[in-house]
Amino acid sequence: MKRRTCIVMMAVMWSVALFAERKEIHILSANDMHAAIEAFPHLADIADSLRCLYPSLLIFSAGDNRTGEPLNDRYEIPAYPMVALMNQIGFDASALGNHEFDSRQQGLARLLSLSNFRHICANILPDPSLGIHCVPYQVFDAEGLKVGVVGAVQLGERGIPDSHPDNVKGISFLPVKETIQKYSWLRKECDVIILLTHIGYEDDVELSKEVPWVDLIIGGHTHTQLDGGEIHNGILITQNVNRLQKVTHTTLVVENGKVVEKKAENIDVRQWPHKNKVVAEMVRFFSENPAFYRQLTMAEAPFSNYEELGCMMCDAFRAGTGADVAIQNTGGIRYETKEAGPFTVSDVLRLDPFGNDAVELLLTGEELRRLLMACGNSDGYGFPRVSGLRCDVFYDEGDKQHVKNLKLYTPEGKKFNLKKTYKVVTNSYVVTISNSPRKDQGRSLNRQTADLIIGYLSKQPSINYQGVRRTYRLSK
């Protein structure tokens with residue numbers, strides 16, 4: 001009888017021991033918040049609610065925390081409101097997104113020093129003199145488990161993140177896949193491995209084929225809305241659209257040092273019923289700048305696409321400089337639609353938030369044609385928008401994104417004189433990325449393009465760009 005009792009007791013103890021090894025890791029993740037400070041009171045309450053249930057909750061951002069809201073981006077210390085709000089909520093770490101470099105080297109270094117959380121990026125090598133202190137990986141403790149996190153930022157065709165090249169001078173970058181593989185040794189040291197990436201959904205999926213030692217990829221950059229998460233090659237991948245419309249709550253179940261269950265669910269931030277009062281007061285403080293809400297003009301009709309907004313921007317460049325032609329890269333048009341009604345200073349600064357200088361060039365028609373093609377093939381967002389001419393754009397049959405040929409016309413549809421010299425105005429980013437043959441490399445007008453737009457709109461009683469189109473996509 002005693003022997004049977006002993007056996008039963010041993011079985012119970014063994015079951016309890018097994019059960020004790022089963023633990024849950026809970027993660028709240030955001031990506032591409034783009035300074036949506038108005039959503040932070042809701043986000044803070046979501047974090048508070050989850051922490052009540054899961055005290056070891058980890059909170060991560062997959063980068064692009066800034067750029068998109070003038071109240072943040074043009075603060076006395078640019079982007080400090082986002083850092084202060086993330087500090088208050090208690091973020092544990094953030095990836096570096098390409099827009100983290102919009103403050104240039106000194107600004108980025110200052111923001112990192114003000115952050116109570118680490119920025120994790122394995123494929124960045126800044127010159128030590130810049131003071132940009134981030135780490136390639138970090139190990140967190142949650143529920144007595146070791147959670148290893150490795151970060152990475154995307155690189156474009158020029159081998160740098162999608163930012164103005166001047167913003168990353170003195171910083172070297174390493175290939176993403178090869179660099180991340182160097183940290184496979186963390187698998188032996190940690191119970192859970194997470195990649196915190198800002199490289200885009202498709203690249204996350206491709207990366208999942210190369211890193212079987214990873215449990216979870218928290219991604220950003222492409223603003224891809226996933227239904228919770230997706231399993232690719234055994235790895236859970238999460239990502240949401242931008243501006244804190246949604247965040248993800250991920251649960252990882254760990255048994256004996258191995259992740260055995262994975263689940264991710266979206267939380268609608270904007271529909272969350274409660275706000276954190278302290279964070280709401282911080283947002284109110286950061287929002288007290290009436291200059292941003294000054295009405296410039298009235299939009300009689302809504303803007304429906306990048307073309308209409310880009311044409312308006314280019315008209316503003318020409319009006320403010322007396323140029324014959326103006327160019328705006330599509331990637332620099334930061335929202336695609338705008339409703340009819342007041343057009344404010346804040347609307348302009350959200351549309352064109354990068355602080356780019358206006359640059360003047362004297363180009364022949366042929367040099368202009370080649371610059372437009374180079375910009376279309378380098379920007380990554382398609383052919384630029386224009387004023388002072390009309391463009392027929394021909395794309396390569398084998399690569400629908402590659403501009404193969406370009407025909408220019410006057411606004412009236414007449415043949416464009418390719419031998420005549422024109423005064424062209426664009427932004428400093430276009431000049432830098434457009435590697436085309438031209439004698440004149442351009443000169444800064446010491447005015448920001450956003451200021452040209454503000455000046456133009458303030459002189460218009462009303463505007464209507466509905467249906468305006470100057471670039472036409474064609475194929476041979």
For F354 and T67, what are the C-alpha separation, side-chain angles and deciding distance, and is it a side-chain contact (heavy atoms from CB on, under 4.5 Å)? CA-CA 8 Å; F354 301 114; T67 305; 3.7 Å; yes

What do the steps show when you test R284 against E281 for salt bridge (charged side-chain N to carboxylate O under 4.0 Å, His left out), and what is the final call? CA-CA 5 Å; R284 185 198 63 76; E281 184 62 21; 2.5 Å; yes

Let's go through V403 and L372 carefully: what are the C-alpha distance in whole Å and the side-chain angles of both, what is the deciding distance for side-chain contact (heavy atoms from CB on, under 4.5 Å) to 0.1 Å, and is it a yes or a no? CA-CA 9 Å; V403 179; L372 285 166; over 6 Å; no

side-chain contact (heavy atoms from CB on, under 4.5 Å) assessment of I235 paired with L195: CA-CA 10 Å; I235 299 172; L195 300 185; over 6 Å; no

The test is salt bridge (charged side-chain N to carboxylate O under 4.0 Å, His left out); show your working for R385 and E307 and say whether it passes. CA-CA 6 Å; R385 313 299 156 164; E307 177 75 9; 2.6 Å; yes

Y422 vs L389, test: side-chain contact (heavy atoms from CB on, under 4.5 Å). Steps then yes/no. CA-CA 11 Å; Y422 298 88; L389 73 161; over 6 Å; no

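Side-chain contact between Y335 and R243 is absent, with no heavy-atom pair separated by less than 4.5 Å. Annotation: side chain of F91 is in contact with side chain of I59 (closest heavy-atom distance under 4.5 Å). Residues R294 and L296 have side chains in contact (heavy-atom distance under 4.5 Å, counting atoms from C-beta outward). Proximity of R438 to V431: side-chain heavy atoms (C-beta onward) are separated by under 4.5 Å at one or more points. For the pair L28/F60, no side-chain contact is recorded, criterion being any heavy-atom separation below 4.5 Å from C-beta on. Between P81 and L71 the shortest side-chain heavy-atom distance does not fall below 4.5 Å. Taking 4.5 Å as the limit, every side-chain heavy atom of L108 sits out of range of all side-chain heavy atoms of N167. In this structure the side chain of N276 never reaches within 4.5 angstrom of the side chain of I89, judged on heavy atoms.
Between S208 atom OG and L216 atom CG the span is 12.0 Å, to the nearest 0.5 Å. From S287, atom OG reaches atom CG of N72 across 10.5 Å, with rounding to the nearest 0.5 Å. For the atom pair CD1 (I193) and CD1 (I217), the distance works out to 12.0 Å, reported to the nearest 0.5 Å. Rounding to the nearest 0.5 Å places CG of L362 at 12.0 Å from CG of L368. The line from CG of L96 to CD of Q154 is 11.5 Å long, rounded to the nearest 0.5 Å. From I124, atom CD1 reaches atom CD1 of I160 across 11.5 Å, with rounding to the nearest 0.5 Å.
Under a cut-off of 6.0 angstrom, the local environment of CD in E157 is sparse, with at most 12 non-hydrogen atoms contributed by other residues, nucleotides or ligands. Within 6.0 Å of NZ in K423 there are more than 12 heavy atoms belonging to other residues, nucleotides or ligands. Heavy-atom neighbours of E202 CD from other residues, nucleotides or ligands within 6.0 Å: at or below the threshold of 12. Environment of CZ in R110: sparse, with no more than 12 heavy atoms of neighbouring residues, nucleotides or ligands closer than 6.0 Å. For Y80, the OH atom sits in a loose shell: 12 or fewer heavy atoms of surrounding residues, nucleotides or ligands are nearer than 6.0 Å. Taking a 6.0 Å sphere around NE2 of H402, one finds it holds more than 12 heavy atoms contributed by other residues, nucleotides or ligands. No more than 12 heavy atoms of other residues, nucleotides or ligands shown are found within 6.0 angstrom of CD on Q106. Annotation: D141, atom CG; neighbour count of heavy atoms from other residues, nucleotides and ligands within 6.0 Å is above 12.
No donor-acceptor pair under 3.5 Å is formed between the side chain of D352 and the backbone N or O of V348. A donor-acceptor distance shorter than 3.5 angstrom exists from the side chain of H198 to the backbone of A62, with no hydrogens or angles considered. With hydrogens and angles ignored, the 3.5 Å screen pairs no side-chain donor or acceptor of R334 with any backbone N or O of G68. Between the side chain of S378 and the backbone N or O of I433 there is at least one donor-acceptor pair closer than 3.5 Å. Proximity of a side-chain donor or acceptor of E308 to a complementary backbone N or O of S304 within less than 3.5 Å is detected. Looking at N329, its side chain never comes within 3.5 Å of a backbone N or O of P384 through a donor-acceptor pair. Side-chain atoms of Q239 come within 3.5 Å of backbone atoms of T224 as a donor-acceptor pair (strictly under, hydrogens ignored). Formation of a donor-acceptor pair under 3.5 Å by the R447 side chain with backbone atoms of S444 is not found in this model. Between the H119 side chain and the A95 main chain, no donor and acceptor come within less than 3.5 Å of each other. Between the side chain of E360 and the backbone N or O of L445 there is no donor-acceptor pair closer than 3.5 Å.
Nearest heavy-atom pair across N98 and P161 is CB-CB, 3.8 Å. Smallest separation of non-hydrogen atoms from A93 and F117: N-CB, 4.0 Å. Listed here is the closest heavy atom pair of I453 and A316: CA-CB, 3.7 Å. For the pair L457 and T297, the tightest heavy-atom approach, listed with the atom from each and the gap, is O-CB, 3.3 Å. Scanning all heavy atoms of the two residues, the minimum distance from S61 to M86 falls at CB-CE, 4.1 Å. Minimum interatomic distance between A152 and I199 (heavy atoms only, all atoms of both residues): O-CG2, 4.4 Å.
A donor-acceptor contact under 3.5 angstrom links the side chains of T197 and D204, judged on distance only. Side chains of D64 and H221: a donor-acceptor N/O pair is absent below 3.5 angstrom, by distance only. Looking at D166 and T432, their side chains never bring a donor and an acceptor atom within 3.5 Å of each other. For D102 and H99, the side-chain atoms include at least one donor-acceptor pair closer than 3.5 Å. For the residue pair T251 and H26, a side-chain donor N or O sits within less than 3.5 Å of a side-chain acceptor on the partner. Using modelled atom types and a 3.5 Å distance limit, the side chains of D315 and S387 yield a donor-acceptor pair. No side-chain donor-acceptor contact under 3.5 Å links D379 and T330. A donor-acceptor pair shorter than 3.5 Å cannot be found between the side chains of H164 and N356.
Paired with L155 under the rule side-chain contact (heavy atoms from CB on, under 4.5 Å), one option of N123, L174, D203 passes, and it is N123. Shown are I218, V214, T250, D215; of these, the side-chain contact (heavy atoms from CB on, under 4.5 Å) with L236 is made only by T250.
Both the sub-6.0 Å distance and the 45° axial angle are satisfied by R473 relative to the ring of Y395.
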